[in-house]
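In each ligand, atom 1 is the first atom listed, and ligand 1 is the first ligand listed. Computation of the quantities below employed the complete heavy-atom set of this structure, encompassing side-chain atoms and omitting hydrogens, waters and symmetry-equivalent molecules. None of these values were measured; they are calculated from a predicted model.
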Amino acid sequence: MASACPTIVLIPLCVPGHLPSMFEAGKRLFNSCGGGGGGAMSLTVLFTQMTMSANLISDVDDLIRKESGSGLDIHFHHLPAVELPTDSPGAENFIMRFIQLHAPHVKAALSGLSSPVAAVVADYFCTTLFDVTLELALPVYAYFSSSASMLALILRLPALDEEVTGDLVDMEGAIDVPGMPPVPAALLPGPLMTKGPNYEWMVYHGKRLMEAAGIIVYTVAELEPAVLAAIADGRCVPGRRAPTVYTVSPALSVKAAPGDGERPHECVAWLDAQPPASVVLLCFGSLGGSFPPPQVHEIADALERSGHRFLWVLRGPVPAGCGAPYPTDANVDELLPDGFLERTKDRGLVWPKWAPQKDIMARPAVGGFVTHCGWNSVLESLWHGVPMAPWPLYAEQHLKAFELVSVMGVAVAMEVDRERGNYVEAAELERAVRSLMGGSEEGRKAREKAAEAKALCRNAVEEGGSSYVSLQKLAREMLAYCGCEAGASASL
Ligand SMILES: O=c1ccn([C@@H]2O[C@H](COP(=O)(O)OP(=O)(O)O[C@H]3O[C@H](CO)[C@@H](O)[C@H](O)[C@H]3O)[C@@H](O)[C@H]2O)c(=O)[nH]1
């Protein structure tokens with residue numbers, strides 16, 4: 001891993017919703033620093049041995065293989081395994097403690113690099129590692145894989161915590177998330193609703209993010225202008241301005257078709273036999289898609305009655321007592337109502353395992369997306385101008401659903417009963433699918449807004465676009481830290 005030129009060190013959270021976008025952003029930053037050719041900078045990635053889904057493990061292996069053979073100055077380093085905390089009362093708490101245990105290994109890895117470190121970029125769930133970077137006097141940037149709206153809420157949280165004596169969910173009225181319309185408390189991310197160990201960690205992150213040299217947010221500035229202005233104007237933290245926010249937008253492939261001689265994935269081949277914008281996609285991220293049998297039946301009824309074409313990524317149960325909360329493959333014969341597959345075989349495909357969502361989303365047949373509102377899925381949808389029907393399930397997804405419908409207007413509203421485990425009745429899903437795919441005024445507006453969002457996404461990564469400019473600015477800053485010329489090269 002030796003390299004003479006300065007290096008940018010990435011410390012990602014190794015989960016599917018965080019790692020791919022962060023690596024992509026890091027690589028584009030490295031290119032903007034001249035790393036792609038001029039030898040001005042190298043990139044080092046420190047992997048924690050997080051319990052990963054099988055899909056991510058193969059993605060990480062592929063990524064390392066591909067990048068190692070690319071001739072680019074990118075280095076991968078696996079940190080030693082740590083003993084997994086066994087008594088954590090929730091995912092957030094587990095992750096924070098898991099990351100914290102890596103501090104000595106991160107310190108040893110950073111100290112052992114033969115290249116001078118230009119900057120460290122750490123996932124925002126890794127703020128416990130800021131102590132190491134402070135000790136080594138290295139500039140540290142936070143990478144925020146979620147929306148700017150979520151960032152505004154996290155930055156606001158420490159003050160909110162002091163203002164409110166009880167649980168946030170019991171607050172009278174709505175929550176003030178700077179730059180957003182008033183957010184009903186019932187839409188807060190799960191860990192923020194009631195005070196406890198997971199909540200405390202989120203408050204901790206809110207405080208520590210203020211120590212970062214900058215915050216790199218995976219978003220499109222033009223999609224969230226009011227929130228970004230509120231952060232920049234210092235409206236999140238009383239009396240203090242938040243670190244500078246750099247927006248890095250997705251730059252997804254526009255090559256939609258498989259290459260010569262490549263066999264398309266079954267889902268892609270099926271989509272290519274459907275008319276343009278005729279299929280509603282249902283896919284629920286890396287942890288979702290596995291529903292209790294009554295809910296599976298409601299979805300099946302809704303899809304059958306809607307009469308629309310569909311591609312439904314249905315997952316099996318999450319194995320009990322297993323460290324990784326990732327769903328198994330679905331046994332569709334067991335899960336689906338009798339005769340459903342036969343009755344819908346001419347217009348529907350149920351895919352029982354991990355699906356190539358990015359490739360699917362790029363196919364012209366996809367006309368609408370029922371999504372759990374994971375931020376990667378949202379941006380993938382908007383990159384292709386596909387309107388959504390939000391079905392939030394966990395984490396900050398209820399906030400996103402609100403933002404998609406009430407702020408961006410790129411989604412039709414759908415009633416999700418959070419108190420019943422985010423249950424959606426068949427009639428409601430059928431209504432939402434008809435509205436999204438059919439001729440309703442609501443659906444028409446969402447399609448129009450999604451088409452506008454597509455243009456914003458694509459412009460952001462063009463030369464002179466918001467993401468391009470952010471990366472150039474960040475590159476100059478990082479080059480300056482290590483006394484290099486500000487010779488950033490053109491890149492996305
Ligand atoms: O069958 C599948 C399911 C998912 N994906 C991909 O996996 C990623 C999933 O990311 P995301 O849509 O953001 O969902 P989560 O995996 O749930 O992401 C976590 O991380 C996100 C970013 O911080 C948060 O917004 C979410 O709430 C949080 O759950 C996306 O790129 C999808 O294209 C597939 O390729 N195939």
Side chains of [X] and [Y]: donor-acceptor distance under 3.5 Å anywhere?
X	Y	value
Thr128	Tyr204	no
Asp167	Tyr199	no
Ser146	Lys400	yes

Counting only heavy atoms, which portion of [X] has something under 4.0 Å from ligand 1: side chain, backbone, both, or neither?
X	value
Gln357	both
Cys283	side chain
Glu380	side chain

Quick test: of every protein heavy atom, which one is nearest to [atom], and how far off is it to 0.1 Å?
atom	answer
atom 24 (C) of ligand 1	Glu396 OE2, 3.2 Å
atom 23 (O) of ligand 1	Ser145 OG, 2.8 Å
atom 4 (C) of ligand 1	Trp354 CH2, 3.4 Å

Which of the atoms in ligand 1, numbered in the order shown and given with their element, are less than 4.0 Å from a heavy-atom of [X]?
X	answer
Tyr394	17 (O), 29 (O)
Lys400	25 (O)
His18	20 (O), 23 (O)

- Message: Given Pro16, Ala355, Ser21, identify the one with the heavy atom nearest to atom 1 (O) of ligand 1.
- Response: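 Selected option, by shortest heavy-atom distance: Ala355.
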- Item | Selection from Ala395, Gly289, Gly17 by shortest heavy-atom distance to atom 22 (C) of ligand 1 |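 Residue with the shortest heavy-atom distance to the ligand atom: Gly17.
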- Verify the neighbour count for atom NZ of Lys195: are there more than 12 heavy atoms of other residues, nucleotides or ligands below 6.0 Å?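 It does: Lys195 NZ has more than 12 such atoms within range.
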Does ligand 1 come near enough to [X] that some N or O of the ligand is less than 3.5 Å from an N or O of the residue?
X	value
Arg315	no
Lys358	no
Tyr124	no
Lys353	no

- Geometric class of the Phe284/Trp391 ring pair [parallel <30°, tilted 30-60°, perpendicular >60°]: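 The rings of Trp391 and Phe284 stand perpendicular, inter-plane angle above 60°.
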- Thinking salt bridges, do Arg208 and Glu211 make one under a 4.0 Å N-O criterion?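 Answer for the salt bridge query: yes.
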